[in-house]
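Below is one structure, written out as structure tokens; comments come after it.
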Amino acid sequence: MEEVEWTPRQPRAEDLRVGLISWAGSYLTYEPYKNTVTATAKGLGRRQTWEILVSNQHDTQAVVRLRSLQGLYLLCEADGSLCYGRPRTSHHGCFLIRFHRNGQWTLQCIISGRYLESDGEDVFCTSRVLSAYHMWTPRPALHVHVILFSPLNHCYARADPTMGRVWVDAPIPCLEECGFLLHFQDGCYHLETSAHTFLSHLDRLVSQPSTQTAFHMQVRPGGLVALSDGEGGMLYPQGTRLLLSLGSSPHGGEEWFILQRCPTWVSLRSKSRKFLSVVYDVEVCAASEHVSPMSLFQFECDNETPTLQLRSANGCYLAQRRHRAVMADGHPMECETFFRMHWNCGKILLQSPNGRFLCIAANGLLMASATIPGPNEEFGIRLANRPFLALRGRYGYVGTSSEHDLLQCNMDQPDCIHLLPCRQGIYHFQGWILLVNNILRHLSALGKVRPQLLYRASGQQLAHGAGTQWFLHAIRPKWYPVGRQRRHYQRVYLGILGQQDAAYRNPNLPGETTTLNQTGTPESRSMRRISVTQVFLPSLAKHLFRATIHHKRPPPRPWCASDLKVEVSQDEPGDFSLGRQN
């Protein structure tokens with residue numbers, strides 16, 4: 001792996017987006033229905049997200065335009081008011097950004113020379129005299145699950161849980177230790193590892209966040225960031241082993257990292273239970289019984305199409321070549337590197353551009369030769385660097401607040417959902433999510449545990465829904481949620497890879513009652529069960545979580561772990577207990 005030349009991908013549009021926080025702690029927001037710009041929002045959402053388009057940049061300043069997610073620009077008018085729309089001239093909407101040493105920005109209108117400022121609510125450009133009211137703090141708007149790439153050392157940051165350190169020595173970000181959660185709190189950032197420890201000012205990993213784990217961030221357009229302790233110390237790789245630690249004398253831009261969203265890496269296993277691996281530099285075969293770096297592939301997909309690209313650890317993409325052979329020597333723009341995905345009960349089938357399906361030949365090589373797919377063309381898929389999920393929807397992250405145990409989809413920070421792999425691409429969510437009367441509830445892992453229940457729910461099948469979404473449904477009509485009509489089911493769609501979006505869909509209006517749900521709070525008076533939490537990988541960008549509450553227990557049928565059923569009983573009001581078979 002030391003000889004592999006890995007080329008980082010170009011920054012995506014998401015990597016170039018930021019939120020701008022005023023001196024009052026509110027975000028610069030565009031109001032689409034009023035054609036105005038304000039600074040009243042307290043959280044980072046879609047209307048608070050701006051893409052920085054750079055036309056000219058130097059060390060301490062840059063000429064930029066700010067574009068919203070709707071494709072319109074932040075514009076300064078002659079009277080100092082702000083609106084958003086399309087520029088009328090070449091300099092209309094251009095701002096000169098100055099990068100200050102404390103990590104803050106000032107934005108000066110190119111035409112009028114006035115600074116962008118806020119009074120806590122309204123935003124305007126009226127003053128040419130710089131003051132604290134003109135300071136804006138940039139906050140990266142990409143997903144919190146990130147990787148850190150050092151362009152000077154050409155390596156990625158990697159957490160070492162055994163030694164309690166972070167090294168910048170990973171040539172390829174295929175390990176889960178290369179992923180970090182970037183938490184924003186009170187104007188500072190906390191860097192959390194995949195093992196849920198935090199990088200501290202003492203260069204060690206600690207178990208809890210504190211003032212010693214808080215770092216200030218300097219942000220540059222293009223995804224460049226630098227972390228400091230606010231007292232002159234900068235975080236950069238030091239020593240022969242490139243230990244990530246605080247220092248006062250970085251050289252040649254050692255303190256700068258490219259902040260990018262953590263990519264998805266997977267392993268593929270054939271029917272013979274051998275992993276696809278790249279051998280002899282470019283050949284792809286099913287020969288290894290154990291996962292190695294050369295048997296991992298970066299999974300790149302588009303949510304709008306059913307096609308994908310698989311990038312191997314040698315930096316090249318799988319591509320169909322002559323004589324139907326599949327080689328790891330493709331480039332990202334080649335049409336031969338795009339494969340169509342088909343899903344079958346947790347396994348995938350890959351269809352090459354010539355219309356044939358990928359299979360394993362008698363000599364073990366990967367070929368595109370099958371005209372009709374069968375078991376030999378199915379591949380088991382397993383996540384390689386996703387020990388947990390951080391779900392983000394249109395309005396924010398999925399998480400709980402300190403005030404109650406309801407799962408909300410508009411949180412500023414996510415709650416991690418740990419994955420327990422089973423088989424055939426199926427995962428269980430560790431962290432109990434219950435759906436009771438249209439409300440998602442989160443049960444702490446510290447509750448009572450009853451090791452009783454692990455059943456396979458019979459009568460379930462995989463069905464294809466609209467677009468690229470898939471769902472499971474129970475075909476037995478006597479299984480139904482409390483307070484719902486027969487055959488009406490509560491479904492919660494959670495996208496967890498790729499874009500990691502979360503959506504909530506409810507076929508019936510909240511508060512609707514039936515003859516089964518007319519006595520106040522039935523969830524506090526009888527036994528409830530949540531059926532299968534089953535995760536498939538359609539388009540590997542959207543997974544499914546479905547919870548159905550029902551009264552009757554299905555016929556017990558022991559099952560290893562392909563379907564998970566969690567028993568929730570209530571012995572006393574407010575006292576829930578969870579059951580899971582060991």
Side-chain angles (χ1 to χ4, degrees), residues 1 3-7 172 174 263-302 305-385 421 423-425 497 536-541:
M1 293 297 294
E3 300 178 357
V4 172
E5 294 184 2
W6 177 265
T7 303
I172 302 174
C174 59
T264 301
W265 287 77
V266 301
S267 61
L268 299 174
R269 190 161 61 174
S270 65
K271 180 185 177 182
S272 61
R273 305 185 65 83
K274 293 184 179 180
F275 292 95
L276 293 186
S277 304
V278 178
V279 297
Y280 304 116
D281 295 332
V282 294
E283 290 187 355
V284 184
C285 66
S288 175
E289 297 181 354
H290 304 282
V291 176
S292 66
M294 297 309 294
S295 59
L296 300 180
F297 300 90
Q298 184 172 320
F299 200 105
E300 300 181 8
C301 63
D302 183 2
T305 62
T307 60
L308 66 87
Q309 290 178 296
L310 293 173
R311 188 184 188 188
S312 67
N314 66 2
C316 297
Y317 292 80
L318 298 193
Q320 178 196 335
R321 297 308 185 197
R322 298 180 58 184
H323 307 296
R324 301 173 183 173
V326 177
M327 312 291 285
D329 59 355
H331 300 284
M333 301 306 296
E334 288 186 85
C335 60
E336 290 81 4
T337 62
F338 289 88
F339 297 90
R340 186 179 180 90
M341 264 187 314
H342 302 271
W343 293 89
N344 184 25
C345 298
K347 294 185 177 181
I348 67 171
L349 298 100
L350 298 176
Q351 190 174 13
S352 64
N354 67 358
R356 296 179 179 270
F357 292 87
L358 270 59
C359 63
I360 305 300
N363 58 1
L365 293 177
L366 184 64
M367 306 290 289
S369 58
T371 57
I372 300 177
N376 292 329
E377 288 70 45
E378 294 179 344
F379 295 93
I381 189 166
R382 179 64 58 87
L383 301 176
N385 67 333
R423 65 179 187 180
Q424 297 181 356
L497 298 180
F536 290 90
L537 305 174
S539 79
L540 209 42

Inset, instruction - Would you list the pairs meeting side-chain hydrogen bond (donor to acceptor under 3.5 Å, both in side chains) in which at least one residue belongs to residues 349-369, sequence neighbours left out? - result: Gln320-Ser352, His342-Gln351, Ser352-Asn354
Inset, instruction - Locate the shortest heavy-atom distance separating Leu308 from Cys301; write the atom from each residue and the value. - result: CB-CB, 4.3 Å
Inset, instruction - Show your reasoning for whether side chain to side chain donor-acceptor pair (under 3.5 Å) applies to Tyr317 and Glu300. - result: CA-CA 10 Å; Tyr317 292 80; Glu300 300 181 8; 3.1 Å; yes
Inset, instruction - Looking only at non-hydrogen atoms, find the nearest pair between Asn385 and Cys174 and report the distance. - result: CB-O, 3.7 Å
Legend entry - pair Leu276-Phe297: side-chain heavy atoms closer than 4.5 Å: yes
With a cut-off of 3.5 Å and sequence neighbours excluded, list every side-chain donor-acceptor pair involving residues 328-335.
| residue | atom | partner | partner atom | Å |
| --- | --- | --- | --- | --- |
| Asp329 | OD1 | Arg321 | NE | 3.0 |
| Asp329 | OD1 | Arg321 | NH2 | 3.3 |
| Glu334 | OE1 | Arg321 | NH1 | 3.0 |
| Glu334 | OE1 | Arg321 | NH2 | 3.3 |
| Glu334 | OE2 | Arg321 | NH2 | 3.1 |
| Glu334 | OE2 | His331 | N | 2.8 |

Legend entry - Closest heavy-atom pair and its distance - Met367, Val326: C-CG2, 4.2 Å
Legend entry - Ser312 versus Val278, closest heavy-atom pair with distance: CB-CG2, 3.7 Å
Legend entry - Ile372 side, atom CD1; Glu377 side, atom CD - distance, nearest 0.5 Å: 9.5 Å
Legend entry - Shortest non-hydrogen separation from Ser295 to Ser277 and the atoms involved: CB-OG, 3.2 Å
Legend entry - Gap between atom CD of Glu378 and atom CG of Leu268 - 0.5 Å precision: 13.0 Å
Legend entry - Partners meeting side-chain contact (heavy atoms from CB on, under 4.5 Å) with Ala287 (sequence neighbours left out): Cys285
Inset, instruction - Could you give me the CA-CA distance, side-chain angles and deciding distance for Leu358 and Phe339, then say whether side-chain contact (heavy atoms from CB on, under 4.5 Å) is met? - result: CA-CA 9 Å; Leu358 270 59; Phe339 297 90; 3.7 Å; yes
Inset, instruction - Measure the CE-CG distance between Met327 and Leu365 for me, rounded to the nearest 0.5 Å. - result: 8.0 Å
Legend entry - OG1-CZ distance between Thr371 and Phe357, expressed to the nearest 0.5 angstrom: 9.0 Å
Inset, instruction - Check side chain to side chain donor-acceptor pair (under 3.5 Å) between Ser267 and all other residues, then give those that pass, not counting sequence neighbours. - result: none
Inset, instruction - Applying side-chain contact (heavy atoms from CB on, under 4.5 Å), name anything that partners Ser270, two or more places apart in sequence or on another chain. - result: Ser272, Lys274, Ala286, Ile360, Phe379
Legend entry - Atom pair CD/OG1 of Gln309 and Thr337 - distance to nearest 0.5 Å: 4.0 Å
Legend entry - Distance (rounded to the nearest 0.5 Å) between Leu350 CG and Phe338 CZ: 14.0 Å
Legend entry - Closest non-hydrogen atom pair, Pro373 against Leu349: CB-CD2, 3.1 Å
Inset, instruction - Output yes when a side-chain donor or acceptor of Arg311 lies under 3.5 Å from a complementary backbone atom of Gly315, and no otherwise. - result: yes
Legend entry - Min side-chain heavy-atom separation Thr264-Leu383 under 4.5 Å: yes
Legend entry - With sequence neighbours excluded, residues passing side-chain contact (heavy atoms from CB on, under 4.5 Å) with Cys316: Asn314
